[in-house]
Student: 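Can you read through this structure? Questions will come right after.
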Amino acid sequence: MPPALRALEIPPEKLLLIEEAFVADTNFDESVLLRRMETVIDTDPYCVIHTSGSTGIPKGVALNHRNTIDFVDWAFERLNLDGTEIMGSLAPIYFDAYTLEFCLMLAKGAAWVVVPEQLAMFPPKLVEFVASQPINFIFWVPTIMVNIANLDLLSKIKLEKLTKVFFIGEVFPTRHLIIGGVICRRRCS
C-alpha cells in the first residue's frame, strides 16, 4: 500500500488499488469484495474528479454515488435523453465534465465520439470534425462556443446532426449565447 494511504489509516480491506487489480498474479478474495458490497451506501464516494471550479486553483473533489445518480436522473429528464444520443466528448479524462459525460452515456448505453483534444485550440477544425461525425449531442464549456461564435463558424459549416447542446462549468456570455442561438436556428438544420 502506498505510504500516503497508509498515513490516512484506511483499513486495507476497504481499498481496491486499480494498479494492483490488473497484475496477473494478484489474487482477490471474492468474499471480501462481497462483504464490502453489503456495506456500501449511496453517499459513499465512487471517484475523485479534478476541477479548478470558480477559484482557478486545481483541486480534487470526491463524487458520491447519490449525487451522480441524481445528476444523471436530472439530465435524462431535463435534456430528454433516451440513449440514442451520440456525444461528442471533448473533456479530458481528468476533468469533471468527462466524469459526468461518462455517467450520462453509460447509464443509457448511448454512443460516444471522442473528439481529439487538440481540436479545441482550432475552432474551424473542431466544427469540421463535429460536422463530419454522427454527433448529435455536445456537453462542453462555453469558451468553446464563444470561440466558434467569434469566428462566425456556424454560418459557414452546418451542424445538421447536432440536436442537443449542454454547457457547463462557466458563465456563458449573453451576447454569444444569443448570436449562437440565432445562427444555429437559421443554419444548423
Side-chain angles (χ1 to χ4, degrees), residues 47-63 67-189:
C47 74
V48 175
I49 60 171
H50 297 280
T51 179
S52 61
S54 59
T55 66
I57 299 170
K59 58 190 160 289
V61 178
L63 296 182
N67 62 22
T68 303
I69 291 166
D70 288 346
F71 170 78
V72 169
D73 288 346
W74 171 86
F76 289 146
E77 183 178 329
R78 183 75 175 145
L79 301 174
N80 196 27
L81 303 177
D82 61 9
T84 61
E85 292 77 24
I86 301 172
M87 177 176 279
S89 178
L90 186 58
I93 193 169
Y94 55 82
F95 189 55
D96 54 355
Y98 176 87
T99 304
L100 298 175
E101 288 176 350
F102 181 75
C103 291
L104 283 171
M105 295 300 100
L106 188 60
K108 288 284 186 176
W112 228 359
V113 174
V114 177
V115 179
E117 66 181 303
Q118 66 272 20
L119 293 182
M121 297 180 289
F122 303 101
K125 294 286 185 196
L126 176 61
V127 175
E128 287 172 2
F129 180 85
V130 171
S132 73
Q133 299 295 315
I135 296 168
N136 62 15
F137 179 37
I138 57 173
F139 183 47
W140 295 350
V141 293
T143 301
I144 302 291
M145 191 60 187
V146 168
N147 292 334
I148 290 168
N150 284 340
L151 295 170
D152 194 26
L153 294 173
L154 295 180
S155 69
K156 300 169 187 155
I157 303 169
K158 291 187 182 234
L159 299 178
E160 295 171 346
K161 297 170 220 126
L162 193 60
T163 58
K164 293 181 182 169
V165 179
F166 189 47
F167 291 100
I168 61 159
E170 59 194 42
V171 174
F172 201 127
T174 304
R175 175 179 166 264
H176 292 93
L177 182 60
I178 292 169
I179 292 169
V182 169
I183 290 173
C184 195
R185 276 194 301 277
R186 288 185 193 154
R187 299 188 178 114
C188 289
S189 57

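The first residue in the sequence is number 1, and the count goes up from there.
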Student: About how many Å separate CG of N147 and CE of M121, when rounded to the nearest 0.5 Å?
Tutor: 12.0 Å
Student: Show the nearest heavy-atom pair for residues Q133 and V113, with the distance to one decimal.
Tutor: OE1-CG1, 3.9 Å
Student: Pair up each side-chain donor or acceptor in residues 80-90 with any protein partner under 3.5 Å, not counting sequence neighbours, and list the distances.
Tutor:
| residue | atom | partner | partner atom | Å |
| --- | --- | --- | --- | --- |
| D82 | OD1 | T84 | N | 2.9 |
| D82 | OD1 | T84 | OG1 | 2.6 |
| E85 | OE1 | D82 | N | 3.3 |
| E85 | OE1 | G83 | N | 2.8 |
| E85 | OE2 | D82 | N | 3.0 |
| E85 | OE2 | K164 | NZ | 3.2 |
| S89 | OG | E101 | OE1 | 2.5 |

Student: Should we say atom CZ of F71 is surrounded by more than 12 heavy atoms from elsewhere, each under 6.0 Å from it?
Tutor: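 For F71, atom CZ is crowded (more than 12 foreign heavy atoms under 6.0 Å).
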Student: For V165 and F137, which heavy atoms make the closest approach, and how far apart are they?
Tutor: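 V165 and F137 have their closest heavy atoms at N-CD1, 4.4 Å.
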Student: Can you tell me if E117 has over 12 outside heavy atoms packed within less than 6.0 Å of its CD?
Tutor: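 Atom CD in E117 is not crowded, with 12 or fewer foreign heavy atoms closer than 6.0 Å.
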Student: So does Q118 have more than 12 non-hydrogen atoms from other groups sitting under 6.0 Å from CD?
Tutor: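 For Q118, atom CD is crowded (more than 12 foreign heavy atoms under 6.0 Å).
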Student: At their closest point, which heavy atom of P116 faces which heavy atom of F129, and how far apart are they?
Tutor: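 Looking at all heavy atoms of both residues, the shortest contact is CD-CZ, 3.7 Å.
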Student: Which heavy atom of C103 sits nearest a heavy atom of V72, and at what distance?
Tutor: CB-CG2, 3.8 Å
Student: Hey, what do you get for CG (N136) to CG (L159), rounding to the nearest 0.5 Å?
Tutor: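 Reported value, rounded in 0.5 Å steps: 11.5 Å.
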Student: Measure the CG-CD1 distance between D152 and I157 for me, rounded to the nearest 0.5 Å.
Tutor: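 The CG atom of D152 sits 10.5 Å away from the CD1 atom of I157.
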Student: Is the ring pair W74/F166 parallel, tilted or perpendicular, if the boundaries are 30 and 60 degrees?
Tutor: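 The rings of W74 and F166 sit tilted, inter-plane angle from 30° to 60°.
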Student: Provide the closest heavy-atom pair for P124 versus L153 in the form atom of the first, atom of the second, distance.
Tutor: N-CD1, 3.5 Å
